[in-house]
Amino acid sequence: MSSVTIGIPLYNEEEVFGSLLGRLEPVVRELKKEHSTTVLFIDDGSTDDTPKLLDSATQNHSWVNYIRFSRNFGHQVALTAILDHCTDDILITLDGDLQDPPELIPQLIQRLNAGNEVVFVYRKTRDEPLLRRLTYSSYYRLLKFFWRIPVQLDSGDYAAFSRKAYESLRDFREVHRFHRGLRSWIGFRQEGIGIERGARSAGSSKYSLWKLFNLAFDGIFAFSIFPIRFSLFCGILLFLAGFGFSFFLLASYVAGNELPTIYAVFGALTALALGVNFVFLGIIGEYVGRIYEQVKGRPQYLVERFVRKNGREIS
Ligand code: UDP
Ligand code: MG
């Protein structure tokens, strides 16, 4: 009998939690016929009633465990904690807002057992506002341009992993994590399943604009040095242009021409060059900042408590 962990990060999800548990229950009951099954929730420092709801869930269901972080560390870090604490044969990760239908889990496991190490879910459609959809879809296409590895277009963090796959991912200790990218990075045999993704079942997105912005940056800067190399290309181009222009000025002066208006052009070019310089300083800063955060070597999260079956606290 193989064993399954279903890992779900939660941050202020009191409005969804009841229906999430309700939807998980029949799925877990079905899975238990063939697999010993545990649901591991990560309470990512919720400030609403999510912790209370989790406490009563562990009292009422032997298959519910949860880890509470000491504060909000973010969705990607919560996924890291799930990888760290999984000891079962199969790991499933999904969002807690029911945008990822739990009913798909048996199919994911079935495809995993068909010889895959990872089975991920991608969105054929998204039931979200047009601007958000457009931003997401162009972002994934931008990643395809930057990355040296295959990009699983329009996929989220809903996926099933074999032990080999999730243990490989566990070895990645980088601070700035973009899990769907790392998942693609590890290789092995992977398969995607397309779904029509619905809207979240209740409440509002727990990704603030700032968090979304950070995630988008991690997707680019943690997987590619193309931006920094691009600055080199632009630097060379600007140098050549500047050199050519100066040569032209000099030649024109030697030929006895007046130079006054050309100074305005020169000023404009200087401003342009300065602007480009600052942009690239910023890009270098992104990488240097990431190196700094990495070398500090801080733990990625702190656990306040780990509650297992029947409300028993183990740490
Ligand atoms: N989440 C989290 N920590 C955070 C933000 C989000 O654990 O700081 C969880 C959230 O509760 C949900 C999942 O991550 O289960 C995805 O977040 P959300 O659905 O709000 O993101 P969106 O789908 O809007 O991008
Ligand atoms: Mg969501």
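Remember, it's 1-based here, ligands and their atoms both numbered in the order they're listed. Sequence positions, counted from 1, serve as the residue numbers for this chain.
- Considering only heavy atoms from C-beta on, P9 comes within 4.5 Å of L79 through its side chain.
- By the 6.0 Å and 45° rule, R141 does not stack over the aromatic ring of Y139.
- Protein heavy atom closest to atom 6 (C) of ligand 1, with residue, atom name and distance, is K206 CB, 3.5 Å.
- Contact annotation: for D44 versus ligand 1, heavy atoms closer than 4.0 Å belong to the side chain alone.
- Of the protein's heavy atoms, Y11 CB, 3.8 Å lies nearest to atom 1 (N) of ligand 1.
- I90 places none of its side-chain heavy atoms less than 4.5 Å from the side chain of R163.
- Remark: ligand 1 atoms within the under-4.0 Å shell around heavy atoms of N72 are 3 (N), 4 (C), 8 (O).
- At the top of the distance list for atom 21 (O) of ligand 1, counting protein heavy atoms only, stands Y207 CD1, 3.2 Å.
- Look at Q99 and the Mg ion (ligand 2): an N/O/S atom of the residue is under 2.8 Å from the metal.
- Relative ring orientation between F239 and F243 is described as parallel, the plane-to-plane angle staying below 30° on a 0-90° scale split at 30° and 60°.
- If you number the atoms of ligand 1 from 1 as listed, the ones under 4.0 Å from a heavy atom of D95 come out as 13 (C), 15 (O), 16 (C).
- Among the atoms of D97, an N, O or S atom is found under 2.8 Å from the Mg ion (ligand 2).
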Q) When you look at S162 and E117, which way does the side-chain hydrogen bond (donor to acceptor under 3.5 Å, both in side chains) test go after all the steps? A) CA-CA 5 Å; S162 68; E117 302 292 339; 2.5 Å; yes
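- Of the protein's non-hydrogen atoms, the one nearest atom 23 (O) of ligand 1 is Q99 OE1, 2.8 Å.
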Q: Go through the steps for Y122 and Y158 under the test ring pair (Phe, Tyr, Trp, His ring centres under 6.0 Å), then give the verdict.
A: CA-CA 8 Å; Y122 62 89; Y158 192 10; over 10 Å; no
Q. Checking salt bridge (charged side-chain N to carboxylate O under 4.0 Å, His left out) for the pair D100/R200: CA distance, chi angles, key distance, verdict?
A. CA-CA 9 Å; D100 299 334; R200 70 162 29 241; over 6 Å; no
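- Nearest protein neighbour of atom 14 (O) of ligand 1, counting heavy atoms only, is H75 CD2, 3.2 Å.
- For atom 19 (O) of ligand 1, the closest non-hydrogen atom of the protein is D97 OD2, 2.6 Å.
- Near R132, with a cut-off below 4.0 Å to any heavy atom, the atoms of ligand 1 are 22 (P), 24 (O), 25 (O).
- Checking side-chain atoms of S138 against main-chain N and O of L134 turns up a donor-acceptor pair under 3.5 Å.
- Ligand 1 has a nitrogen or oxygen under 3.5 angstrom from a nitrogen or oxygen of G96.
- The shortest N or O to N or O distance between P9 and ligand 1 is under 3.5 Å.
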Q: Apply the test ring pair (Phe, Tyr, Trp, His ring centres under 6.0 Å) to residues F306 and Y66: give CA-CA distance (whole Å), side-chain angles for both, the deciding distance (0.1 Å), then the verdict.
A: CA-CA 6 Å; F306 186 176; Y66 81 89; 8.6 Å; no
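- No N or O atom of R197 sits closer than 3.5 Å to an N or O atom of ligand 1.
- Using cut-offs of 30° and 60° for the angle between ring planes, the Y301 and F69 rings count as parallel.
- Ranking the protein heavy atoms by distance from atom 8 (O) of ligand 1 puts K211 NZ, 2.7 Å first.
- Backbone and side-chain nitrogen or oxygen atoms of S205 are examined, and one is located within less than 3.5 angstrom of a nitrogen or oxygen of ligand 1.
- The nearest heavy-atom contact from the protein to atom 18 (P) of ligand 1 is R200 NH2, 3.4 Å.
- Using a 4.0 Å cut-off to heavy atoms of E13, the atoms of ligand 1 that qualify are 10 (C), 11 (O), 12 (C), 15 (O).
- Taking the centre of each ring, Y11 and H75 stay at or above the 6.0 Å mark.
- No more than 12 heavy atoms of other residues, nucleotides or ligands sit less than 6.0 Å from atom CZ of F213.
- The part of Y136 lying near ligand 1 is the side chain, judged by heavy-atom distances below 4.0 Å.
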